[in-house]
Amino acid sequence: MEFKLAAKAAAAWPSPAHALALRGETGGSRVGFAGFGSAATGTKALRLRAASNSATPVAKEGRVDQSETVTLGSIRQTLIKLEDSIIFCLLERAQYRYNADTYDSSYFHMDGFEGSLVEYMVRETEKLHVQVLHPIADSININKKIWNLYFDELLPRFAKEGSDGNYGSSALCDTSCLQALSKRIHNGKFVAEAKFQQSPEAYRLAIEAQDPVQLMELLTFETVERAVEQRVEVKAKIFGQDVSTAAPPARKIDPSLVAGLYRRIMPLTKEVQVAYLLGRLD
Ligand SMILES: C=C(O[C@@H]1C=C(C(=O)O)C=C[C@H]1O)C(=O)O
């Protein structure tokens, strides 16, 4: 599978609010990119190879994992490790300026796929998640919300204004950030499965009543959420220290931004959990 990325060196900068036009959601046109080695003047291009991670088809009835692997404790450990991935992805991206050309609608192209490189990669990552879950997991995907959160709220706050010409690198970092965020948030499916297996009767009543409010109450643990917020702020402080500068060390990213990001991530993770549980008995 081959991805092609291109950036026109002298295109107009879209404002952060225009980022959605990349996906055609605000009527922005998706101009097909001429491709690597294009004769278009001033066009830089970069080719990437990506292994397809499409999941091997699994019989539906064999997909719900009855083993001990889906435990709340083990999944929470996974979420903690993902904190590190998310913070390091943000730190990588923070070394570049905002680089608005990166978000030009003609920037991404891949043969046989209608959409951006980011959309494709996130979608492919999601396919890995369905193998041990109830089939309802297939239909839950809130990547649009994650996209908006990242491009509209987060990136303009932590990337320095302006351009440094690193359009391809910025795009790759954005892709990694989106993948890490998507993985974290869609892990809510595993969290929900673990919670259901732990207390099936409590959840069954709320599911049969198709009551999202009750489900949200059942699956929410405020103390866990506050601990997450505090831990990610501390991690962002430590991981983001620029040790090359004199004391006090400069910060590569504002730690409170990371805590703020998690205040947005957790409700999305819970939204995924509720959606999964509502379909868990189907
Ligand atoms: C993920 C969980 O579900 C909820 C969401 C949390 C999160 O996104 O970090 C934390 C606690 C719960 O309110 C969990 O219980 O671990």
Side-chain angles (χ1 to χ4, degrees), residues 5 11-31 79 82-83 85-87 89-94 96-110 113-127 129 137 139-161 167 170-189 212 216 225 228-229 232 236 253-254 256-276:
L5 309 181
W13 305 119
S15 70
H18 291 157
L20 277 178
L22 268 173
R23 322 178 72 211
E25 290 180 3
T26 53
S29 60
R30 186 176 285 122
V31 183
L79 297 186
L82 281 171
E83 291 166 2
S85 310
I86 289 172
I87 293 168
C89 283
L90 297 178
L91 288 170
E92 281 283 305
R93 179 62 183 84
Y96 305 115
R97 291 192 174 271
Y98 182 71
N99 286 325
D101 261 13
T102 306
Y103 314 108
D104 186 284
S105 63
S106 62
Y107 196 76
F108 293 109
H109 171 74
M110 194 188 80
F113 178 70
E114 272 298 311
S116 69
L117 169 64
V118 165
E119 285 172 303
Y120 177 78
M121 290 181 81
V122 171
R123 189 192 66 166
E124 288 298 298
T125 305
E126 283 309 291
K127 286 184 182 171
H129 289 185
S139 62
I140 302 165
N141 186 317
I142 60 167
N143 282 331
K144 278 187 185 171
K145 286 188 180 177
I146 297 169
W147 181 282
N148 295 347
L149 168 66
Y150 180 74
F151 284 113
D152 296 348
E153 296 183 39
L154 184 62
L155 183 63
R157 290 197 169 92
F158 81 84
K160 290 186 281 295
E161 280 178 26
Y167 308 118
S170 300
L172 288 173
C173 289
D174 290 334
T175 304
S176 302
C177 288
L178 284 165
Q179 280 185 303
L181 289 171
S182 179
K183 192 169 179 189
R184 199 289 177 186
I185 288 164
H186 288 99
N187 253 293
K189 297 172 190 177
M216 187 62 92
E225 293 188 22
V228 169
E229 248 178 73
V232 296
I253 196 167
D254 177 358
S256 69
L257 265 182
V258 178
L261 169 66
Y262 263 80
R263 280 193 289 276
R264 300 299 315 281
I265 286 177
M266 292 188 286
L268 292 176
T269 308
K270 292 198 288 185
E271 185 179 325
V272 167
Q273 292 182 60
V274 169
Y276 181 84

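Counting begins at 1 with the first residue of the sequence. These values consider heavy atoms only, across backbone and side chains, with no hydrogens, waters or symmetry-generated copies.
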Least distance between heavy atoms, [X] atom then [Y] atom:
X: P267; Y: Y262; answer: CD-O, 4.4 Å
X: K160; Y: A94; answer: NZ-O, 3.5 Å
X: I86; Y: A180; answer: CG1-CB, 3.8 Å
X: V258; Y: A236; answer: CG2-CB, 3.7 Å
X: E161; Y: R97; answer: O-NH1, 2.6 Å
X: P212; Y: V274; answer: CB-CG1, 3.9 Å

Any residue meeting side chain to side chain donor-acceptor pair (under 3.5 Å) with E229, in chain and number order, not counting sequence neighbours: R226, R263
Using the side chain to side chain donor-acceptor pair (under 3.5 Å) criterion, which residues pair with S85? Sequence neighbours excluded. none
Rounded to the nearest 0.5 Å, what's the gap from [atom1] on [X] to [atom2] on [Y]? Could you check?
X: L149; Y: I185; atom1: CG; atom2: CD1; result: 6.5 Å
X: K270; Y: M266; atom1: NZ; atom2: CE; result: 8.0 Å
X: L268; Y: L181; atom1: CG; atom2: CG; result: 9.5 Å
X: L261; Y: S256; atom1: CG; atom2: OG; result: 11.5 Å
X: F151; Y: C177; atom1: CZ; atom2: SG; result: 8.5 Å
X: D174; Y: Y96; atom1: CG; atom2: OH; result: 11.0 Å

Taking it one step at a time, do L178 and W147 satisfy side chain to side chain contact (heavy atoms under 4.5 Å, CB included)? CA-CA 7 Å; L178 284 165; W147 181 282; 4.0 Å; yes
[Y] side chain reached by [X] side chain, heavy atoms, under 4.5 Å:
X: Y98; Y: L155; value: yes
X: N143; Y: H186; value: yes
X: L79; Y: V228; value: no

A quick test of your reading: do over 12 heavy atoms of other residues, nucleotides or ligands sit less than 6.0 Å from CZ of R264? no
